[in-house]
Amino acid sequence: MRTPCFIANWKMNKTIAEAREYLQAVEKRWPQLPGAPWETIVAPPFTMLAPMADFLKERPLQIGLAGQNVHFEERGAYTGEVSPLMLRDAGCRHVIIGHSERRTYFGETNALIHKKIGGALRAGLIPILCVGETREEREEEKTGEVIERQIREALDDLRPGPSDWIIAYEPVWAIGTGLTPQPSEAEEVHRRIRDFFRSLSKEEEADTPRILYGGSATEKNIAAFMEEADIDGVLAGGASLFAESFCNMIDLGVKAKEK
Ligand code: 13P
């Protein structure tokens, strides 16, 4: 059984003080959460990583930290960039790579994403690779094709094992819009991604990376997504900014998976 995974992508939100308040709120709530094994990861802006790692070090709270982006080199003259080693140093185990906002606003290509994944893996970081189709691509029924190309080009020669990374299927048109695919439509894409990873392995039932859904995931819809066999968790944006709602999502998601 794959461990359910819930990731909060805070994007460009919050201050250090607000991040601390958020963790305190989760800490208060934690005892009420079910005892089933699941993984919780928060991806705050870079400036909050080290203070959050310090806060978490002194507590039993099981929350991992992820960067929202990374450069592919270890160090060098790349003004404004943050390296995989720096993310490790600041307390991250994971890093989001290829988010659609990076692709759209900062021109990230599959080739660049491939380099970033390589850099992350070399530093011992676990990439959370985001893929997803635009509204036009969906209307042209190109979803499967687009996703497969994004993954194939991000991988290129890399063949990481099942626990070496996480995939997030985030339809671009569903991010921040309140729109979502039907859970069964998302499941179809997740299934295709899983089959693709299985096709890379010689074993038919090989373990594959966990595949999370992202795009307007909320307390209202998380259970329906998590009931699908190939949806292993959620990468949440807006709804994850509130500790209460993110905790509720975890609670509902874990329960739906246990059904
Ligand atoms: P929303 O949950 O705000 O739609 O954002 C999803 C997302 O981009 C997570 O990475």
Side-chain angles (χ1 to χ4, degrees), residues 4-14 18-19 22 39-46 48-49 63-70 87 92-108 113 116-117 120 125-135 137-138 143 146-147 150-151 154 165-183 185-186 189-190 193 209-226 228 231-253 256:
C5 180
F6 303 90
I7 306 180
N9 176 9
W10 287 357
K11 308 192 179 182
M12 199 171 73
N13 290 289
K14 294 196 189 291
E18 286 165 350
Y22 185 101
E39 189 172 10
T40 308
I41 298 169
V42 177
F46 292 136
M48 282 154 235
L49 285 169
I63 295 183
L65 294 175
Q68 294 178 12
N69 178 34
V70 70
L87 287 185
C92 290
R93 261 194 78 215
H94 292 82
V95 58
I96 296 174
I97 296 180
H99 192 281
S100 77
E101 286 150 17
R102 302 278 336 155
R103 295 175 190 257
T104 306
Y105 304 138
F106 303 97
E108 292 198 4
I113 288 162
K116 291 185 174 204
I117 290 177
L125 281 169
I126 300 177
I128 301 161
L129 170 65
C130 298
V131 295
E133 82 286 3
T134 61
R135 187 170 51 80
E137 288 161 344
R138 175 179 158 91
T143 300
V146 167
I147 306 284
Q150 287 172 336
I151 297 179
W165 60 353
I166 294 172
I167 307 295
Y169 168 52
E170 299 205 302
V172 179
W173 54 272
I175 296 178
T177 58
L179 302 172
T180 64
Q182 292 299 320
E185 291 175 309
V189 178
H190 282 228
I193 296 173
R210 281 175 293 175
I211 307 167
L212 316 186
Y213 170 76
S216 298
T218 64
E219 290 173 61
K220 288 206 170 76
N221 57 29
I222 190 164
F225 281 110
M226 292 297 287
E228 299 290 343
I231 300 185
D232 303 321
V234 156
L235 173 54
S240 78
L241 288 173
F242 308 94
E244 168 91 11
S245 107
F246 187 50
C247 288
N248 287 344
M249 286 175 77
I250 294 173
D251 198 357
L252 293 161

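Read the numbers this way: they start at 1 and go in the same order the structure lists the ligands and their atoms.
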Residues which pass side-chain hydrogen bond (donor to acceptor under 3.5 Å, both in side chains) with E133, listed by chain and number, not counting sequence neighbours: Y169, W173
Got I175 and E101 here, is their nearest side-chain heavy-atom distance under 4.5 Å? yes
Using a 4.0 Å cut-off on heavy atoms, what residues surround ligand 1? Order them by chain and number. N9, K11, H99, E170, A174, I175, G176, G215, S216, L235, A236, G237, G238
Is the side chain of K14 donor-acceptor paired with the backbone N or O of L241 at a distance under 3.5 Å, no angle test? yes
Identified ring-ring contact (aromatic ring centres under 6.0 Å, His included) partner of W10 from the options F246, F242, F46, Y22: Y22
Side-chain donor/acceptor of S245 to backbone N/O of A239, under 3.5 Å: yes
If we ignore hydrogens and angles and just use 3.5 Å, is the side chain of Q68 paired with the main-chain N or O of A43 as donor and acceptor? yes
